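In what follows, every chain begins at residue 1, and chains take the letters A, B, ... in the order their sequences are listed. No experiment lies behind these values; they were computed from the predicted model shown. Heavy atoms only: backbone and side chains are in, while hydrogens, waters and symmetry mates are out.
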Number of protein chains: 2
Amino acid sequence: MKPRHVHRSEDCRAISEILQRVGDKWTVLVVGMLSNGPMRFSELRHAVGGISQKMLTTTLRGLERDGFVTRTVFPTIPPRVDYELTELGHQLQEPVNALADWARQNTLHINAARSRYDAASKQEG
Amino acid sequence: MKPRHVHRSEDCRAISEILQRVGDKWTVLVVGMLSNGPMRFSELRHAVGGISQKMLTTTLRGLERDGFVTRTVFPTIPPRVDYELTELGHQLQEPVNALADWARQNTLHINAARSRYDAASKQEG
DNA sequence: CTGAATCCACGCAGATACTG
DNA sequence: CAGTATCTGCGTGGATTCAG
């Protein structure tokens with residue numbers, strides 16, 4: 001088995017950084033929802049499901065700060081705010097989807113490995 | 001701009017799960033180091049750099065549990081333990097590297113967006 | 001409707017000391 | 001050398017309340 005890649009320390013740090021960025025609890029879910037087009041706050045909240053208003057706000061602010069989404073305020077009463085993926089946000093989805101495909105294909109393997117490990121641990125423990 | 005993908009809720013949950021799995025502080029760094037071949041504990045600790053012995057142990061246990069690495073104990077004195085990526089562990093690197101490439105190519109964009117956002121925020125107060 | 005502000009529980013992660 | 005055990009600080013995320 002030959003190595004697929006050469007890895008340098010700095011590169012791995014960069015990987016770790018971006019993975020931690022998108023690896024929080026809600027980011028990819030929100031981005032996934034927005035990938036089909038702009039949505040307003042409450043609509044997004046309902047679509048994601050299970051997310052608190054605070055975390056949705058926090059997540060959206062972070063995405064906006066990094067240039068992944070745009071925030072558009074309509075000064076009506078009641079107020080309305082639309083969120084939309086930027087081009088950068090859309091591009092992010094490509095590698096994320098690759099990881100998603102891999103995850104789907106290997107969920108069974110991983111779960112099996114976990115069961116084996118846990119069973120072995122219990123036996124020893 | 002047409003949608004690149006169709007996203008369903010269940011899929012996004014799976015993505016979120018795997019991203020959180022590899023999105024912790026040390027996992028990708030350890031996996032990156034191991035991608036060039038098996039390494040022993042202390043060697044790995046030094047190669048990663050900055051990781052505590054506790055976190056390295058924890059990270060390796062998690063990777064072993066999920067079937068990404070194997071742990072081999074040599075009952076010598078002093079003891080020696082080798083860690084090696086499994087085939088599953090190697091396969092994981094492919095989509096992770098895709099994300100890494102994307103990260104490298106877009107770090108400047110992201111940092112620029114952040115600077116803009118922070119400057120605008122400060123201005124508003 | 002879309003937030004901001006506050007309080008709080010929990011788990012991650014580091015530091016330190018000890019063991020086989 | 002390769003861990004385990006314990007204590008502790010801190011960030012994340014949830015619930016609740018208040019505001020424009």
Side-chain angles (χ1 to χ4, degrees), chain A residues 13 16-31 33-34 38-66 69-84 117 120-122 124-125, chain B residues 12-13 16-17 19-31 33-34 38-66 69-84 117 120-122 124-125:
Chain A
R13 302 280 169 181
S16 186
E17 214 171 295
I18 183 68
L19 277 173
Q20 286 184 68
R21 173 65 188 84
V22 300
D24 69 354
K25 193 168 183 178
W26 301 107
T27 292
V28 292
L29 299 177
V30 170
V31 172
M33 291 304 165
L34 287 176
M39 295 175 83
R40 56 188 300 183
F41 189 86
S42 56
E43 197 180 359
L44 206 43
R45 182 148 154 58
H46 177 262
V48 173
I51 188 173
S52 68
Q53 165 268 343
K54 171 189 167 182
M55 287 316 299
L56 181 53
T57 300
T58 303
T59 302
L60 286 168
R61 287 292 180 279
L63 288 171
E64 187 191 0
R65 187 169 108 97
D66 286 356
V69 308
T70 57
R71 179 171 180 270
T72 310
V73 180
F74 299 89
T76 57
I77 296 183
R80 170 198 175 124
V81 182
D82 275 17
Y83 293 92
E84 183 171 14
Y117 184 91
S121 300
K122 193 169 65 176
E124 297 168 4
Chain B
C12 290
R13 301 282 169 180
S16 186
E17 214 171 296
L19 277 173
Q20 287 184 67
R21 173 66 188 83
V22 300
D24 69 355
K25 193 167 182 177
W26 300 109
T27 292
V28 293
L29 300 176
V30 171
V31 172
M33 291 304 166
L34 287 176
M39 296 176 83
R40 56 189 301 183
F41 189 88
S42 56
E43 197 179 359
L44 206 42
R45 181 148 155 57
H46 178 261
V48 173
I51 188 172
S52 69
Q53 140 271 8
K54 171 190 167 182
M55 287 317 298
L56 181 54
T57 300
T58 303
T59 301
L60 286 168
R61 288 292 180 279
L63 288 171
E64 186 191 1
R65 186 169 109 97
D66 286 355
V69 308
T70 57
R71 179 171 180 270
T72 310
V73 180
F74 299 89
T76 57
I77 296 182
R80 170 197 175 123
V81 182
D82 275 18
Y83 293 92
E84 183 172 15
Y117 184 93
S121 301
K122 192 169 66 177
E124 294 170 5

> Where along nucleotides 9-19 of chain D does protein come under 4.0 Å, by heavy atom, of base (B) or sugar-phosphate alone (S), with - for untouched nucleotides?
----BBB----

> Checking Leu56(B) against Trp26(B) for the side chain to side chain contact (heavy atoms under 4.5 Å, CB included) test, could you report, in this order, the C-alpha distance in whole Å, the side-chain angles of both residues, the deciding distance, and whether it holds?
CA-CA 8 Å; Leu56(B) 181 54; Trp26(B) 300 109; over 6 Å; no

> With Arg21(B), which residues qualify under salt bridge (Lys or Arg N to Asp or Glu O under 4.0 Å), at least two apart?
Asp66(B)

> Name the first nucleotide and the last nucleotide along DNA chain C (5' to 3') that come under 4.0 Å of a heavy atom in chain B.
dA13(C) to dG20(C)

> Give Phe74(A) one of three labels, base, sugar-phosphate or nothing, depending on what nucleic acid heavy atoms sit under 4.0 Å from its own.
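Since no nucleic acid heavy atom lies under 4.0 Å of Phe74(A), the category is nothing.
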
> Measure the spacing between OG1 of Thr57(B) and CD of Gln53(B) and express it to the nearest 0.5 Å.
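Spacing of OG1 (Thr57(B)) from CD (Gln53(B)) equals 5.0 Å.
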
> With sequence neighbours left out, what residues match Lys25(B) under side-chain contact (heavy atoms from CB on, under 4.5 Å)?
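If we apply the side-chain contact (heavy atoms from CB on, under 4.5 Å) test to Lys25(B), skipping adjacent residues, the hits are Gln20(A).
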
> For the atom pair CG (Leu44(A)) and CE (Met33(A)), what is the distance rounded to the nearest 0.5 Å?
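Reported to 0.5 Å precision, the distance equals 8.0 Å.
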
> For dT4(D), does OP1 or OP2 lie under 4.0 Å from any side-chain N or O of Arg61(B)?
yes

> To the closest 0.5 Å, what do you measure between OH (Tyr117(A)) and CZ (Arg65(B))?
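It is 8.0 Å, given to the nearest 0.5 Å.
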
> Take atom CG of Leu60(B) and atom C1' of dG3(D), then tell me their distance rounded to the nearest Å.
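So the two atoms are 11 Å apart, to the nearest Å.
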
> Could you check whether Arg71(B) gets within reach of a base, just the sugar-phosphate, or nothing at all, counting any heavy atom under 4.0 Å?
sugar-phosphate

> Rounding to an integer number of Å, can you tell me how far Ile77(B) CD1 sits from dA2(D) C1'?
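So the two atoms are 13 Å apart, to the nearest Å.
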
> If the cut-off is 4.0 Å, is Arg40(B) near the phosphate of dA2(D), judged by side-chain N/O to OP1 or OP2?
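Yes, such a contact exists.
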
> Angle, rounded to 10°, between the helical axes spanning five pairs at each terminus of the helix from dC1(C)-dG20(D) to dG20(C)-dC1(D)?
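End-to-end axis angle: 40°.
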
> Kindly give the heavy-atom pair with the smallest separation between Met39(A) and Ala47(A), and that separation in Å.
CE-CB, 3.7 Å

> For Glu17(B), give me all partners under side-chain contact (heavy atoms from CB on, under 4.5 Å), at least two apart in sequence or on another chain.
none

> How many angstroms lie between atom CG of Leu29(B) and atom OG1 of Thr59(B), to the nearest 0.5 angstrom?
9.0 Å

> Roughly how far apart are Leu63(B) CG and Thr58(B) OG1, rounded to 0.5 Å?
11.0 Å

> Any side-chain heavy atom of Phe41(B) within less than 4.5 Å of one from Leu60(B)?
yes

